[in-house]
Amino acid sequence: MTSLSSAPGHARAAQLEVRAALTAAIDTVRRNIERFGDRYPDDTTRDGFYPLRPAAGGVPEGGNRGWTTSFVPGMQWIAWEATGDDVFRDAALRHAANFEERMREGVDLDTHDLGFLYSLACITAWRLTGDEEARAAAIAAADHLMTRVLEPAGIIQAWGDLSDPEERGRTIIDSLMNMPLLTWATEQTGDKRYAEAVLRHTLQLRDNMIRPDDTTYHTFYWDPTTGEPLRGATAQGAHDDSCWARGQAWGIYGFALNYRATGDERFLDASRRCAAYFLAHLPADGVAFWDLVYTDGSDAPRDSSAAAIAVSGLRELALAETDPAAAERAVEAADRILASLIAGYTPAEGESDALLLHGVYSLPAREGVDEGNLWGDFYYLEALMRTADPEWRLYW
Ligand code: GLY
């Protein structure tokens, strides 16, 4: 990690806080390995603690299904890189084997979330340890994701079976985060089809899912036959025209990552626009309400996971900025939000087995409201790690 000795006093103090928070978070990751073994917790905590993932769809309790299980090995890989303790690597490698089995047996793969799942669980296993079976599983995941490209729109359908009339032609802002799996597949195989899909999909989102006022739709439908863009709608936001906070944070981060992958300046601009709106609609402590329609004075719940994603997204945006002042502003905003998360949104000893408190999964569905969640934990740990060590290489 970078040296503290040359930093000015306040910067040194902030770095020390980040490192202390990183140590505390890694202690929780360690305790969760002891508690869960190779089984998976549920998406969110209940009254502060993760239950085992319930059995569903033929997958037993604690089994690997849904979109959030890879955040478990993702956190273990960060913990391994930060500490060198092989307990973390060994646990993460067992999860990689489990994800290879999930792909081979075709368990719960009808989703665009293969990017979240296989980037963290398998590409990272291969990159950090040379696990070839994990690499092959990640290529297979990229191929499976490519089956979800809908022509002629060139979008990747987010949810459900491709023949499901409710979901056909629909994608969601979070899908931007699934694109790095395809970018990697082109790098690995030399087959440009994956990278072309990234460009077309991301361009469709940039053109249709960012509104003129720089807010984003959560989901958007294209006509599956003609490819015409049809309409935006929400699933997890306050209403169709509101700006769901986590979606806006996915926009900051996802457009910035896809700018890095493609060099297309339109994506850099899209990330900037998402960031500007997000930062202008935060309450005083910098941690977003679950939907950006709520402002200071509201008693609506916060979504700490949106804040954690935004911290990492703003740091990614800062790396892309060529103007040093713009980069500095993005880093300052990221640091302010991260300091607030550390100070006000982390558990006291024994209070929770989440790394981060006060997230919201879906308020309309009353799911995981004012609870910890696996992606909030992961992105908080990622934000701590990249702040503590700006040279650290991301998993996306
Ligand atoms: N990708 C689902 C979510 O952010 O809730």
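Ligands are counted one by one from 1 in listed order, and the atoms in each one are counted from 1 as well. The structure presented is a predicted model; accordingly, all values stated were derived computationally and were not measured.
Closest non-hydrogen pair, Tyr217 versus Asp240, comes out as CD2-O, 3.6 Å. Counting all heavy atoms, side chain and backbone alike, Ala354 lies closest to Asp377 at CA-OD2, 3.5 Å.
Considering only non-hydrogen protein atoms, atom 1 (N) of ligand 1 sits nearest to Asp174 OD2, 2.5 Å.
Below 3.5 Å of separation, one finds an N or O of Trp250 facing an N or O of ligand 1. For ligand 1, the polar-atom distance check finds an N/O of Gln236 within less than 3.5 Å of one of the ligand's N/O atoms. For the pair Arg246 and ligand 1, the shortest N or O to N or O distance falls below 3.5 Å.
Look at Trp375 and you'll find every heavy atom at least 4.0 Å from all atoms of ligand 1. Not a single heavy atom of Trp159 sits less than 4.0 Å from an atom of ligand 1.
Because its NZ or CZ atom is not both nearer than 6.0 Å to the ring centre of Phe267 and within 45° of the ring axis, Arg206 does not count as a cation-pi partner of that residue.
Side-chain contact, Asp299 with Tyr294: no donor N or O sits under 3.5 Å from an acceptor N or O.
When side chains are defined from C-beta on, Leu128 counts as touching Trp80, because their heavy atoms get closer than 4.5 Å.
In the vicinity of Tyr361, heavy-atom distances shorter than 4.0 Å reach the ligand 1 atoms 5 (O). For ligand 1, the atoms closer than 4.0 angstrom to any heavy atom of Trp244 are 3 (C), 4 (O), 5 (O).
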Could you please spell out the steps behind the side chain to side chain contact (heavy atoms under 4.5 Å, CB included) verdict for Gln188 and Trp126?
CA-CA 12 Å; Gln188 289 297 306; Trp126 166 75; 3.3 Å; yes

